[in-house]
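Down below is the structure, laid out as structure tokens.
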Number of protein chains: 2
Amino acid sequence: MSNRPAINVRSMDLHTIKVACSNCNLRELCMPVGLSGEEMERLDDVVATRRKVKRGEALFHAGEKFESLYAIRTGFFKTCVTTEDGRDQVTGFQMAGEIIGLDGIVNDLHSCDAVALEDAEVCVMPYDRIEDLSREINGLQRHVHRIMSREIVRDQGVMLLLGSMRAEERLAAFLLNLVQRLHARGFSQSELILRMTREEIGSYLGLKLETVSRTFSRFAEDGIVEVKQRYVRILDTDALTRLVNAVQPACH
Amino acid sequence: MSNRPAINVRSMDLHTIKVACSNCNLRELCMPVGLSGEEMERLDDVVATRRKVKRGEALFHAGEKFESLYAIRTGFFKTCVTTEDGRDQVTGFQMAGEIIGLDGIVNDLHSCDAVALEDAEVCVMPYDRIEDLSREINGLQRHVHRIMSREIVRDQGVMLLLGSMRAEERLAAFLLNLVQRLHARGFSQSELILRMTREEIGSYLGLKLETVSRTFSRFAEDGIVEVKQRYVRILDTDALTRLVNAVQPACH
DNA sequence: CGATTCCTTGAGGATTATCAACCAACGTGG
DNA sequence: CCACGTTGGTTGATAATCCTCAAGGAATCG
């Protein structure tokens, strides 16, 4: 690995082929969006290492020094802030192609935990190198800004959810958001396996786990979904949409 | 104004002196943080125009094309997302030195309204120019990233508040946050004039205005604050801190 | 296969929302 | 300058939603 030829590496090293952004099937969702072939190869050099995270383990903890952003290759994460008295608030769920760690930039410290909800693998992107490269590649700069802005807009949506929606509306919004993101990754629009517990869903939605469970049951009674533990099949997307639409930001 | 000499402008034009970041008393809080004198002058060229916004008017609306970030010079803003059925969720309150408009970057459209709660003036920073300049000035690049990251961390805090705090805790957190930010701007640590209505506070905190009002009254009964309409005097900061501390993110 | 974790459901209680009335402050125009 | 309309704030009574406590059962993991 250490003394491989400097050019045309990718065609000579099968392992490296797998690692490169240019060959990653997530490239349309992930960091390299909008980059040319040559630019993507430069990004490949930045995304040097990978890291596996076992289910239940943390990719990083609040308070740890911030050094890298992470692109999720496989697996599923939650981010959460833990309070001094032990409550903990899930601030988001992340899946393949999404970027975590942006919270660390302000203070050079992570401000939340990122925990794998299933065995996962992430691409490690040292932040210094991302900074350097995004000064040279306009498309990367734009994309980094967009990713951060997207996170801000997503957070606005969560505030709306937490601030002004009732339990049913929250769960409907949550389910629709999940399937929509899964669908963008080639999964079903109507079936999904929840990677998180009722308690984690509840924490994210500002509800207790019992309320989440009851709301699932009510949806099932009403024929809106079929629920068997972690398995969820959406039978009536429109019904969920109706619940949510009323409170969704007006599209101008 | 149009045919002034190209060099040494600032020393020749009193109006321009007032406009420059380099002479702004907010420069330690605002966009130019950490820039050298020369770098700041280059930023001055970007921050070309100002805009006054009257109380009640919007700096921008959700759905409008995104073109600039705005630095608040004077005045006080709220940002809010309006839902299709007319509910609206206040997502934040912004004061002098803070930057608004970051939500617009993802889709080149603003995703929320920014409304002045008192007569205000902002510095208009065309986003294209900020992008260009931050490729050349490392300190500016870092700072832009930090501002966005700070917003993300702030949002995490709001989620924690909305997701797991009770009315008293929410209002305590809100008050402490406000005075702390005002104090950083040279105002009192214990006295403040609220720029927003009970309804706007309630929207931000996920409470109804009556609940906000009642909670203020309870704080007043308990001798924690003195409240007379928009005027608030904090009598017992520790009591507020105790209410909030338990649920604040653990500092590692 | 046993132990643990996770999920469901019920009963009762707490917090916050809703509805309503009244009061205070502010600003405008006569 | 005062009257009046409007907006904003307070407080009470009642209702709805969600939480808490509790117990039983299902699924999962080592």
Side-chain angles (χ1 to χ4, degrees), chain A residues 54-57 78 85-90 115-119 161-172 174-175 193-222 225-232 243 247, chain B residues 54-56 76 78 85-90 115 117-119 161-172 174-175 192-222 225-232 243 247:
Chain A
K54 283 224 179 309
R55 177 194 160 121
E57 286 180 359
K78 69 170 176 182
D85 63 344
R87 300 185 228 186
D88 89 9
Q89 171 73 27
V90 173
V115 177
L117 297 180
E118 58 182 11
D119 291 359
L161 182 146
L162 292 172
S164 66
M165 290 171 73
R166 297 175 315 109
E168 286 192 348
E169 297 168 332
R170 293 183 199 193
L171 191 62
F174 170 73
L175 286 175
I193 304 287
L194 298 171
R195 253 68 234 218
M196 66 296 280
T197 68
R198 301 290 190 260
E199 186 168 20
E200 286 160 339
I201 297 173
S203 172
Y204 180 61
L205 298 179
L207 302 169
K208 291 295 157 182
L209 68 96
E210 295 95 330
T211 305
V212 174
S213 180
R214 276 185 246 272
T215 308
F216 267 127
S217 301
R218 203 172 320 141
F219 282 175
E221 279 173 36
D222 298 350
V225 300
E226 186 188 323
V227 184
K228 203 178 287 171
Q229 304 287 130
R230 302 280 179 106
Y231 168 84
V232 177
L243 271 173
V247 283
Chain B
K54 283 224 180 307
R55 176 196 160 119
F76 202 93
K78 69 170 177 183
D85 64 344
R87 301 186 228 185
D88 86 14
Q89 172 72 28
V90 173
V115 177
L117 297 180
E118 58 182 13
D119 291 357
L161 182 146
L162 292 172
S164 66
M165 291 172 72
R166 296 174 319 108
E168 286 193 348
E169 297 168 331
R170 293 184 198 192
L171 191 62
F174 170 73
L175 286 175
L192 68 156
I193 305 286
L194 299 171
R195 252 69 235 216
M196 67 296 280
T197 67
R198 302 290 190 260
E199 186 168 19
E200 285 160 340
I201 297 172
S203 172
Y204 180 61
L205 298 179
L207 302 169
K208 291 295 158 182
L209 68 95
E210 294 95 329
T211 305
V212 174
S213 181
R214 275 184 247 271
T215 308
F216 267 127
S217 301
R218 203 172 319 142
F219 282 175
E221 279 173 38
D222 298 349
V225 300
E226 187 188 322
V227 184
K228 203 178 288 171
Q229 304 287 129
R230 302 281 178 105
Y231 169 83
V232 176
L243 271 173
V247 283

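Excluded from the calculations below are hydrogen atoms, water molecules and symmetry mates; all remaining heavy atoms, backbone and side chain alike, are included. Residue numbers start from 1 in every chain, and the chains themselves are labelled A, B, ... in the order their sequence lines are given, proteins ahead of strands.
- Contact annotation: A:Arg214 does not reach the phosphate of C:dG10 (side-chain N/O to OP1 or OP2, under 4.0 Å).
- Atom CG in A:Leu209 sits about 13 Å away from atom C1' in D:dA22, given to the nearest Å.
- With respect to the salt-bridge test (charged N to carboxylate O, under 4.0 angstrom), the residues A:Arg55 and A:Glu118 do not qualify.
- In the set C:dC6, C:dA11, D:dT10, C:dC6 carries the atom at the smallest distance from any side-chain atom of A:Arg230.
- Distance, A:Glu221 CD to C:dT8 P: 12 Å, rounded to whole Å.
- What separates CZ of A:Arg195 from C1' of D:dT28 is a distance of 14 Å, to the nearest Å.
- For A:Gln89 (side chain) and A:Ser203 (main-chain N/O), a donor-acceptor pair under 3.5 Å exists by modelled atom type.
- No side-chain heavy atom of B:Arg230 sits less than 4.5 Å from a side-chain heavy atom of B:Leu192.
- Toward the 5' end of DNA chain C, the nearer of the two residues A:Gln229 and B:Arg218, judged by each one's closest nucleotide, is A:Gln229.
- The separation between A:Glu199 atom CD and D:dA27 atom P is 20 Å, rounded to whole Å.
- Distances were taken from every side-chain heavy atom of A:Lys208 (C-beta onward) to each of D:dT11, C:dA25, D:dT20; the shortest belongs to D:dT20.
- Minimum atom distance to the side chain of A:Glu210 is reached by D:dA22, of the listed C:dC6, D:dG12, D:dA22.
- Summarising the geometry, the separation between CE on B:Met196 and P on D:dG8 is reported as 14 Å, rounded to the nearest angstrom.
- Straight-line distance from the CZ atom of B:Arg170 to the P atom of C:dT16: 7 Å, rounded to whole Å.
- Residue contacts shown for B:Gly202 are absent, as no nucleic acid heavy atom lies under 4.0 Å away.
- Contact between the side-chain N/O atoms of A:Arg198 and the OP1/OP2 oxygens of C:dT8 is found at a separation under 4.0 Å.
- Backbone-only contact: A:Leu207 has heavy atoms under 4.0 Å from sugar-phosphate atoms and none from a base.
- In this model, the phosphate group of C:dT9 is approached by a side-chain N or O of A:Ser217 to a distance below 4.0 Å at OP1 or OP2.
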Stepwise side chain to side chain contact (heavy atoms under 4.5 Å, CB included) check, B:Phe219 with B:Val227: CA-CA 9 Å; B:Phe219 282 175; B:Val227 184; 5.9 Å; no
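- For residues 196-212 of chain A, the set of pairs meeting the salt bridge (Lys or Arg N to Asp or Glu O under 4.0 Å) definition, not counting sequence neighbours, comprises A:Lys78-A:Glu200.
- Of all nucleotides listed (D:dG9, C:dA17, C:dG10), C:dA17 comes nearest to the side chain of B:Thr211.
- Note: CD1 (B:Ile193) to P (D:dG9) measures 13 Å, nearest angstrom.
- With distances taken from any side-chain atom of B:Val227 to the nucleotides D:dT10, C:dT8, D:dG9, the minimum falls on D:dT10.
- The distance between atom CG of A:Leu205 and atom P of D:dC19, rounded to the nearest whole Å, is 11 Å.
- Residue contacts for A:Ser213: at a heavy-atom cut-off of 4.0 Å it reaches a base atom on one of the strands shown.
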